[in-house]
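First up is the structure itself, then whatever we jot down about it.
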Amino acid sequence: MPELPEVETIVRGLERRVAGDTIESVWIGSRKQPLKSPAATIAATLEGKRVARVHRAGKHIVFDLQAPTTNSRKPAASKNGSAQWIVHLGMTGRMVVCEPAAEIEKHTHLIAKLASGRELRFVDPRMFGKLSIHREGFDPGGVEPLEVSEENFVQLFRGRKTPIKSALLNQKLLRGVGNIYADESLFRAGIRPRRRAAAVTRQEFSKLHRSVREVLREAIALGGSSVSDYVDADGEEGFFQLEHRVYGREGEPCRVCGTAIRRVVLAGRSSHYCPQCQK
DNA sequence: ATACCGACCTGTCAGC
DNA sequence: TGCTGACAGGTCGGTA
């Protein structure tokens with residue numbers, strides 16, 4: 001489901017709705033698949049903590065947790081009291097903020113009861129999502145596409161023999177770009193997905209750097225892409241799917257030149273491009 | 001290093 | 001109506 005713009009939209013919604021709230025108790029389902037840390041560790045870490053901030057690192061949602069402030073001054077409290085809850089939504093994961101009375105959806109794997117009376121739920125049918133706990137300073141590696149300079153961007157890919165699209169999807173290089181935004185960025189930059197990164201010119205990299213950031217910014221502004229079932233923390237759909245120029249448009253006319261959009265499989269993923277506009 | 005493939009899961013949709 | 005196969009926003013590990 002979620003790439004950088006979708007996760008960013010969800011994070012903004014969560015920050016607005018649960019930051020400052022306190023997690024009173026946690027229920028975790030019996031499925032082990034979504035858990036990267038043991039259920040007992042997750043539950044024990046979340047319970048009693050205040051959600052100080054919700055932010056994003058690549059496609060990961062990061063909840064900064066802190067122990068509630070007390071009157072007593074314990075030197076160790078601030079150190080032991082902080083932790084991070086990391087949520088990766090995989091393909092179909094969703095974070096839902098709702099009233100306790102709301103029906104518990106199938107594939108609900110975690111429910112956190114909040115002091116405000118609401119609940120924060122993690123729902124994920126395919127269970128490719130992952131929940132984990134980190135002490136502090138979580139870093140998934142890679143650089144943020146919206147922060148990287150053109151120089152550093154070029155350095156990431158220079159000389160690699162891998163197809164440029166595979167490189168864009170490599171989260172250890174650039175974090176947050178997934179299948180949709182890789183295809184859309186390459187279209188705007190006029191580069192075919194199979195081109196070797198090493199064969200991309202400096203000028204094309206410059207264009208790609210701009211395209212990636214432009215596509216991500218526009219997508220965030222429209223609340224992400226709702227292709228099948230994506231909704232944000234408020235249950236709202238995004239609208240960037242209406243702006244897709246190649247993704248999911250196999251056989252349809254290119255919006256620029258009218259040529260039929262092609263689909264090929266690259267690294268096991270559907271890849272869409274215009275054979276006329278992209279070289 | 002790199003690239004391809006299956007595995008991990010469930011759901012949906014097109015075609016017969 | 002129901003079966004089958006292809007496909008889905010992601011990542012990991014194995015193998016050549």
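Predicted model, so just to flag it, every value in this text is computed and none were measured. Below, read A as the first sequence line, B as the second, and so on, with proteins coming before strands; counting in each chain starts at 1.
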* Asked: Under 4.0 Å between a side-chain N or O of A:His107 and OP1 or OP2 of B:dC9?
  -> no
* **Gap in Å between the two P atoms, one belonging to C:dG10 and one to B:dA1, rounded** => 25 Å
* Expressed as a whole number of Å, how far does the P atom of B:dC5 sit from that of C:dA6? -> 15 Å
* Whole-Å distance separating the CZ atom of A:Arg263 from the C1' atom of C:dA8 -> 11 Å
* Asked: Thinking salt bridges, do A:Glu147 and A:Arg175 make one under a 4.0 Å N-O criterion?
  -> no
* Inspect the contact between A:Arg94 and A:Glu105 and indicate whether a charged nitrogen and a carboxylate oxygen are less than 4.0 angstrom apart. => yes
* Can you check whether A:Gln171 has a side-chain N or O nearer than 4.0 Å to OP1 or OP2 of C:dT11? -> yes
* Does A:Arg17 come within less than 4.0 Å of A:Asp234, counting only side-chain N to carboxylate O? -> yes
* To do: Give me the other members of the hydrophobic cluster that A:Phe138 sits in, counting Ile, Leu, Val, Met, Phe, Trp and Tyr linked by side-chain heavy atoms under 4.5 Å, directly or via other members.
  => A:Val62, A:Ile86
* Indicate, with a heavy-atom threshold strictly under 4.0 Å, whether A:Lys106 touches base, sugar-phosphate, or nothing. => sugar-phosphate
* Side-chain donor-acceptor contact under 3.5 Å, A:His55 with A:Asp64 -> yes
* To do: For B:dC8, take OP1 and OP2 only and decide whether either is under 4.0 Å from a side-chain N or O of A:Arg126.
  => no
* To do: Go ahead and write out DNA chain C as dot-bracket, 5' to 3': ( ) for pairs within the strand, [ ] for ones crossing earlier pairs, | when the partner sits on another strand, dots for unpaired; Watson-Crick or G-U wobble, both distances under 3.5 Å.
  => .|||||||.|||||||
* To do: Take the protein atom NE2 of A:His244 and the nucleotide atom P of C:dA8, then report the distance between them rounded to whole Å.
  => 14 Å
* To do: Identify whether any heavy atom of A:Tyr181 sits under 4.0 Å from a base atom; if not, whether one sits that close to sugar-phosphate; answer base, sugar-phosphate or nothing.
  => nothing
* Do A:Arg263 and A:Tyr247 touch side chain to side chain, with heavy atoms closer than 4.5 Å? -> no
* Identify whether any heavy atom of A:Ser270 sits under 4.0 Å from a base atom; if not, whether one sits that close to sugar-phosphate; answer base, sugar-phosphate or nothing. => sugar-phosphate
* Asked: Is it true that A:Lys59 and A:Glu6 have a side-chain N and a carboxylate O under 4.0 angstrom from each other?
  -> no
* **Under 4.0 angstrom between A:His88 side-chain N/O and C:dT11 OP1 or OP2** => yes
* To do: Scan A:Lys59 against the nucleic acid and name what it touches under 4.0 Å (heavy atoms): base, sugar-phosphate only, or nothing.
  => sugar-phosphate
* Separation of the P atoms in C:dG5 and B:dA7, to the nearest angstrom -> 15 Å
* Does B:dC9 have OP1 or OP2 sitting under 4.0 Å from an N or O in the side chain of A:Gln33? -> yes
* **Any A:Arg269 side-chain nitrogen or oxygen under 4.0 Å from OP1 or OP2 of C:dG10** => yes
* NA contact type, A:Arg194, heavy-atom cut-off 4.0 Å: base, sugar-phosphate, or nothing? -> nothing
* To do: Using a heavy-atom cut-off of under 4.0 Å over every strand shown, decide if A:Gly178 touches base, sugar-phosphate, or nothing.
  => sugar-phosphate
* To the nearest Å, give me how far apart OH (A:Tyr230) and P (B:dT12) are. => 20 Å
* Asked: C:dA8 C1' sits how many Å from A:Asp183 CG, rounded?
  -> 14 Å
